[in-house]
Amino acid sequence: MTKEKKTTEMGIFERIGSLAKRRGFIYPGSEIYGGLAGTWDYGPLGAELKRNIKNEFWRTMVQGRDDVVGMDAAIMMNPKVWEASGHTQSFSDPLVECKKCHSRFRADEIGVSDFKGEVPKDIACSKCGAHDWTPPRQFNLMVEARLGAVEDSKQTIFLRGEITQGVHVNFRNVLDSTRVRIPFGVAQVGKAFRNEITPGDLTFRSREFEQMELQFYTRPDEKESMRWFEYWKKERMGWYRSLGMREENLQFKEHAKDELAHYARAAFDIQYQADMKWWEMEGIHHRGDWDVRRHAEYSKQDLSYFDEETKERFLPHIVETSGGVDRSALFFLMDAYREEAVKEGETRTVLKLHPKLAPMKAAVFPLLSNKPALVDLARSVYHNLKNEWMIAWDDRGNIGKRYRAQDEAGTPFCITIDFDSIEKNDVTVRDRDTMEQERIAIPELPAYIREKLS
Ligand code: GAP
């Protein structure tokens, strides 16, 4: 029998992986068939967490602004898009292969930064220990698919490697169909696909994942576009902080010239600290006029912008903010994760997620499940709150156990209906973070929760 690892022996990735599976946040993709590397399925709580992250992104980046509109482009695009964007040629990672066991690694994973030379002989394969490597070669990350009903005429297309291009190919459409004028942005949320050489670290490096992006068009003036670049850096860092991410776990990391993606002139990552390492969570890129210029060239369409005030015609510059929904979900979970001593010899695991991100805003419990008067009153409280929020119901086990389960789910409030509730029309509300309890009149409950959530 294998000995189960105690939580105290696990690193944060393992702890989150275990909690995510146990509570229904994240499951390995296609698990009953042995899985599919780099794919993940979100369970009931994970789906809510992701939905809340995307809603908050949309609320602050689109709904709350006059200068940003939203879009939802197709995943499958004409393959010429990817030629124009440079992805078929340059969207690659350097790959090395162990000649003995044929395991493949990204060159940087085994500590090789000179992607043109040979792999130094002193580097051993972590799988079999051999020292015999192929030289690094560029491995394209685009995922291919075959489209069409007739076998012979099937067309090879790519699943989008970034959600970005769906916005840029519609630059003219957005200008012609809305009232936006430069400077303005187009935001989008959606799936992207990459044939990652070594997916891993839970959802951090997946082959299918979601991005939340803004493409912000500015005048092609270096000073002005850099001003917007700095502006969006600050906004995006502020967004993570406003949703409760701890200051000490966030930092910017500038890309050196030789680290820049093929489209970028300048780039900063917003990084999150976990397990004594810094991990990329979002990229802020100055894309110059790369995308509109290339699409204008390849499609032979006029994608220039005419400024009515100055009577100038130009190709705009683009400042991009590109965050990962899955990565931020992972890091929001890590940041919220605590193991706390409750009393002598007893600890609790709690996710102190920002209430806006918490999958369930409250849980309703009848004190006893075999007393119809309690259950009926609890049901009516539950249904009333459910009109407005995601609310959990639990009538099993003792109250202490129910609290622990909701702590692990990150539910900010637990509402218990007891015998006093029937007489006084009030309930006990227990706060997830302080574990303090107060009596609240049932008619006041929606206002109470609304205030706490704002
Ligand atoms: N449009 C620009 C772009 O796609 P990127 O730095 O390649 O830039 C942006 O990706 C973000 O997408 C990353 O910061 C990360 O959050 C997320 N991301 C990228 N590759 C990912 C992967 N394999 N798995 C999960 N998230 C990923």
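Computation of the quantities below employed the complete heavy-atom set of this structure, encompassing side-chain atoms and omitting hydrogens, waters and symmetry-equivalent molecules. Start at 1 and go down the list; that is how both ligands and their atoms are numbered.
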* Structure fact -> A student checking ligand 1 against Glu162 at a 4.0 Å heavy-atom cut-off should list atoms 1 (N), 2 (C), 3 (C), 4 (O)
* Asked: At a 4.0 Å threshold, what atoms of ligand 1 neighbour a non-hydrogen atom of Glu213?
  -> 1 (N), 2 (C), 3 (C), 4 (O)
* To do: Would you check if there is a donor-acceptor pair between the side chains of His87 and Tyr263 at a distance under 3.5 Å?
  => no
* To do: Give the residue, atom name and distance (to 0.1 Å) of the protein heavy atom nearest atom 9 (C) of ligand 1.
  => Ser322 OG, 3.0 Å
* To do: Check each heavy atom of Arg287 against ligand 1 and say whether those closer than 4.0 Å belong to the side chain, the backbone, both or neither.
  => side chain
* Asked: In the protein, which heavy atom is nearest to atom 15 (C) of ligand 1, and how far is it?
  -> Arg327 NH1, 3.4 Å
* Is the shortest N/O to N/O distance between Phe204 and ligand 1 below 3.5 Å? -> yes
* Close N or O approach (Arg205, ligand 1; < 3.5 Å) -> no
* Are Arg287 and Glu213 close enough, and set up right, to give a salt bridge (charged side-chain N to carboxylate O under 4.0 Å, His left out), and what steps lead you there? -> CA-CA 13 Å; Arg287 298 178 76 113; Glu213 285 194 348; 5.7 Å; no
* Can you pull out the closest protein heavy atom to atom 24 (N) of ligand 1? Residue, atom name and distance to 0.1 Å, please. => Ser206 N, 2.9 Å
* To do: Could you list the atoms of ligand 1 found under 4.0 angstrom from a heavy atom of Gly283?
  => 14 (O)
* Asked: With a cut-off of under 6.0 Å to the ring centre and 45° to the axis, is Lys452 in cation-pi contact with Phe413?
  -> no
* **Shortest protein heavy-atom distance from atom 17 (C) of ligand 1, along with the residue and atom involved** => Gly324 CA, 3.8 Å
* Asked: Side chains of Gln251 and Gln271: donor-acceptor distance under 3.5 Å anywhere?
  -> yes
* To do: Please say whether Glu280 places an N or O atom under 3.5 Å from an N or O atom belonging to ligand 1.
  => yes
* Does at least one non-hydrogen atom of Asp326 fall below 4.0 angstrom from an atom of ligand 1? -> no
* Asked: Who pairs with Glu312 by side chain to side chain donor-acceptor pair (under 3.5 Å), at least two apart in sequence or on another chain?
  -> Arg219, Thr310
* Hey, which atoms in ligand 1 end up nearer than 4.0 Å to a heavy atom of Glu320? -> 1 (N), 2 (C)
* Does ligand 1 have an atom under 4.0 Å from some heavy atom of His285? -> yes
* Asked: Any donor and acceptor pair, going by atom type alone, linking the side chain of Gln211 with main-chain N or O of Ile163 inside 3.5 Å?
  -> yes
* Structure fact -> Checking Arg327, Lys253, Arg236 against Glu282 for salt bridge (charged side-chain N to carboxylate O under 4.0 Å, His left out), the one that qualifies is Arg236
* To do: Quick one: look up the protein heavy atom nearest atom 19 (C) of ligand 1 and list residue, atom name and how far away it is.
  => Arg194 NH1, 3.4 Å
* If you take all heavy atoms of Glu340 and Lys352, which pair is closest and at what distance? -> OE2-NZ, 2.6 Å
* **Gly323, any N or O under 3.5 Å of ligand 1 N or O** => no
* Does a donor on one side chain and an acceptor on the other come within less than 3.5 Å for Gln301 and Ser299? -> no
* Measure from NZ or CZ of Arg181 to the centre of the six-membered ring of Phe184, then state whether that distance is under 6.0 Å and the direction lies within 45° of the axis. => no
* To do: Between Glu282 and ligand 1, find which residue part has any heavy-atom pair under 4.0 Å and reply side chain, backbone, both or neither.
  => backbone
* How does Tyr263 reach ligand 1, if at all, at less than 4.0 Å between non-hydrogen atoms: by side chain, backbone, both, or neither? -> side chain
* For atom 10 (O) of ligand 1, state which one of Gln211, Met212, His255 supplies the nearest heavy atom. => Gln211
* Asked: Is the charged tip of Arg15 near the ring of Tyr337: under 6.0 Å from the six-membered ring centre and within 45° of its axis?
  -> no
* List the closest protein heavy-atom neighbour of atom 16 (O) of ligand 1: residue, atom name, distance to the nearest 0.1 Å. => Met281 O, 2.8 Å
* Nitrogen or oxygen of Phe209 less than 3.5 angstrom from that of ligand 1 -> no
* Residues Ser225 and His286: side-chain donor-acceptor under 3.5 angstrom -> yes
* Going by distance alone, is a donor N or O of one side chain under 3.5 Å from an acceptor N or O of the other, for Thr198 and Glu109? -> yes
* Asked: Which ligand 1 atoms, with their elements, are less than 4.0 angstrom from a heavy-atom of Glu196?
  -> 22 (C), 23 (N)
